[in-house]
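Because the structure is predicted, anything quoted here is derived from the model rather than measured. Both counts, for ligands and for their atoms, begin at 1 and track the order of listing. Numbering of residues begins at 1 and proceeds along the displayed sequence.
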Amino acid sequence: MKKRVFSGIQPTGDIHIGNYLGAIKYWVSMQENYDNVFCVVDLHAITVPQDPKVLHAKIREVAGLLMAAGIDPQRSILFVQSHVKAHSELAWLLNCFIPMGWMQRMTQFKEKSVKQKEQVSVGLFDYPALMAADILLYDTQVVPVGEDQKQHVELARDAAGRFNSIYGDTFVLPEPLIPNVGARIMGLDEPTKKMSKSEPGTNHAINLLDTPDTIRAKFARATTDSLREIRFDEKRPGIFNLLTIYQTFSGIGKQELEAKFEGKGYGDFKKALAEVVIEGLRPLQERYKELTADPTRIDSILAEGANRARPLAERTLARVQQKIGLG
Ligand code: ATP
Ligand code: LTN
């Protein structure tokens, strides 16, 4: 029996090479050895304000990009969270078992709520309960996420353990799995901050659908330093980040990469880097174009994914309802 994997991505902003190298590329490689469920988490997206038209389009765009990157909807279940109602329902049930104190310790809520002050929604506070429902509905064992989501996966595990201790064995206990390469790609304009969909700057991230000219222009403007040597030196975050991107896209080793650019200037290096990334993204962009040529194709794949996810989720939900004594 293969282990069950579940992971999710929010349909907000533009998907960038940080999401790709830190999460998506890793999910694609996990399809070999695991039994996978991947979810476009639209209910999580609305914990902060969203424009309805943009959200509707982004759900399809993210699903298309996941497939273009290599998520195979035959082998993996790929679906939209709101298409399977059990997610909202289990989130409510878990709400009644998760202590307030656990939720108040979540660092993502603390960081995100500072920006929004009193306008912050109850949904944003409750985000981890919905994420726990996502994970627990599928008897998930492994949750591949970036470092930033580790605390949420641990809360899901604690909630499952607490429920099991009250009602007996009900949930499988999940574990986070954090990749060691590409786990943290930094912003091009500010290499001390993680590359993020919600950062406003036009020169912050390379998006998966950027044109070759945009990619060249963004790398040309990327922040470096006043030194000359092209070396993996963590004390020089700009050049370190650019080298990491080159390395993860090309697969060339660190030493070989440093030797290749020995004596060369930053300008030449950035030009070469842009070409590596353009070539690396080309097959993905071509597949995306093919997939979206028929506007109904993604919708029918997602409907099929939800049809496969629903019985799995409903079986777990029924088990929980019965334990609690509902209905
Ligand atoms: P936001 O800025 O809206 O929080 P995000 O860019 O962090 O968005 P998410 O949808 O929260 O993206 O994350 C999708 C996946 O990509 C997660 O597994 C996350 O850990 C990973 N990820 C996000 N940013 C990076 C990054 N800069 N480097 C590596 N992995 C990342
Ligand atoms: N919070 C995650 C997205 C997410 C998720 C999940 C990840 C929602 N539900 C379940 C793993 C498992 C994020 O922001 N990356």
K.L.:
Do side-chain atoms of T316 reach the backbone of L137 as a donor and acceptor pair under 3.5 angstrom?
P.N.:
yes
K.L.:
Is the closest side-chain heavy-atom distance between L242 and L188 below 4.5 Å?
P.N.:
yes
K.L.:
Ignoring hydrogens and angles, state whether a donor on the side chain of T223 or E190 is under 3.5 Å from an acceptor on the partner side chain.
P.N.:
no
K.L.:
Does any N or O of ligand 1 fall below 3.5 Å from an N or O anywhere on E147, backbone included?
P.N.:
no
K.L.:
Looking at I9, which atoms of ligand 1 are within less than 4.0 Å of one of its heavy atoms?
P.N.:
10 (O), 14 (C)
K.L.:
Minimum distance, heavy atoms only, to atom 13 (O) of ligand 1: which one of I15, N19, T244 is it?
P.N.:
N19
K.L.:
Quick check: does K197 get an N/O under 3.5 Å from an N/O on ligand 1?
P.N.:
yes
K.L.:
Ignoring hydrogens and angles, tell me if any N or O in the side chain of D210 forms a donor-acceptor pair with the backbone of N207 under 3.5 Å.
P.N.:
yes
K.L.:
Below 4.0 Å from any atom of ligand 2, which residues have a heavy atom? Give them in chain and number order, please.
P.N.:
F6, S7, G8, Q10, V41, H44, Y127, M131, D134, I135, V143, V145, Q149
K.L.:
For M195, is at least one N or O under 3.5 Å away from an N or O on ligand 1?
P.N.:
yes
K.L.:
For I24, which part has a heavy atom under 4.0 Å from ligand 1: side chain, backbone, both, or neither?
P.N.:
neither
K.L.:
Would you kindly confirm whether W102 and L130 end up in one hydrophobic cluster when ILVMFWY residues are joined by side chain heavy atoms under 4.5 Å apart?
P.N.:
no
K.L.:
What atoms of ligand 1 come within less than 4.0 Å of a heavy atom belonging to R184?
P.N.:
28 (N), 29 (C)
K.L.:
Should I185 be counted as touching ligand 1, given the test is an N or O pair under 3.5 Å?
P.N.:
yes
K.L.:
With under 30° as parallel and over 60° as perpendicular, where do the rings of Y138 and F6 fit, or are they tilted in between?
P.N.:
parallel
K.L.:
Output yes when the distance from some N or O of ligand 1 to some N or O of G146 is under 3.5 Å, and no in every other case.
P.N.:
yes
K.L.:
Just which atoms of ligand 1 are under 4.0 Å from any heavy atom in G22?
P.N.:
29 (C), 30 (N)
K.L.:
Check step by step if salt bridge (Lys or Arg N to Asp or Glu O under 4.0 Å) holds for R4 and D35.
P.N.:
CA-CA 5 Å; R4 166 65 47 79; D35 184 8; 3.0 Å; yes
K.L.:
For the residue pair K2 and Y34, would you count it as a cation-pi contact if the rule is NZ or CZ under 6.0 angstrom from the ring centre and within 45 degrees of the ring axis?
P.N.:
no
K.L.:
Given that the side chain starts at C-beta and the backbone is N, CA, C, O, which of these parts of E111 lies under 4.0 Å from ligand 1, counting heavy atoms, or is it both or neither?
P.N.:
neither
K.L.:
Without hydrogens or angle criteria, can the side chains of Q31 and D72 be said to hold a donor-acceptor pair below 3.5 Å?
P.N.:
no
K.L.:
Tell me, please: is H44 in heavy-atom contact with ligand 1, that is, under 4.0 Å?
P.N.:
no
K.L.:
Can you name the atoms of ligand 1, numbered from 1 with element, that are less than 4.0 Å from a heavy atom of K112?
P.N.:
4 (O)
K.L.:
For ligand 1 and V145, I'd like to know whether there is a polar contact (N/O to N/O, distance under 3.5 Å).
P.N.:
no
K.L.:
Do I185 and I245 have side-chain heavy atoms sitting under 4.5 Å apart?
P.N.:
yes
K.L.:
Polar-atom distance check: K194 versus ligand 1, any N or O pair below 3.5 Å?
P.N.:
yes
K.L.:
Please check if the side chain of H87 supplies one atom and the backbone of A133 the other of a donor-acceptor pair under 3.5 Å.
P.N.:
no
K.L.:
Hey, what's the ring geometry for Y127 with H44, parallel, tilted or perpendicular (30° and 60° as the breaks)?
P.N.:
tilted
K.L.:
Step by step, work out the salt bridge (Lys or Arg N to Asp or Glu O under 4.0 Å) result for D294 and R297.
P.N.:
CA-CA 6 Å; D294 170 2; R297 178 130 172 243; over 6 Å; no
K.L.:
H16: heavy atom below 4.0 Å from ligand 1, yes or no?
P.N.:
yes
K.L.:
For residues M195 and R184, determine if any side-chain heavy atom of one lies less than 4.5 Å from a side-chain heavy atom of the other.
P.N.:
no
K.L.:
So, Y20 side chain and I15 main chain: donor-acceptor pair closer than 3.5 Å or not?
P.N.:
no
K.L.:
Record the part of S196 in heavy-atom contact with ligand 1 below 4.0 Å; permitted values are side chain, backbone, both and neither.
P.N.:
both
K.L.:
Can you list the ligand 1 atoms lying under 4.0 Å from a non-hydrogen atom of D148?
P.N.:
19 (C), 20 (O)
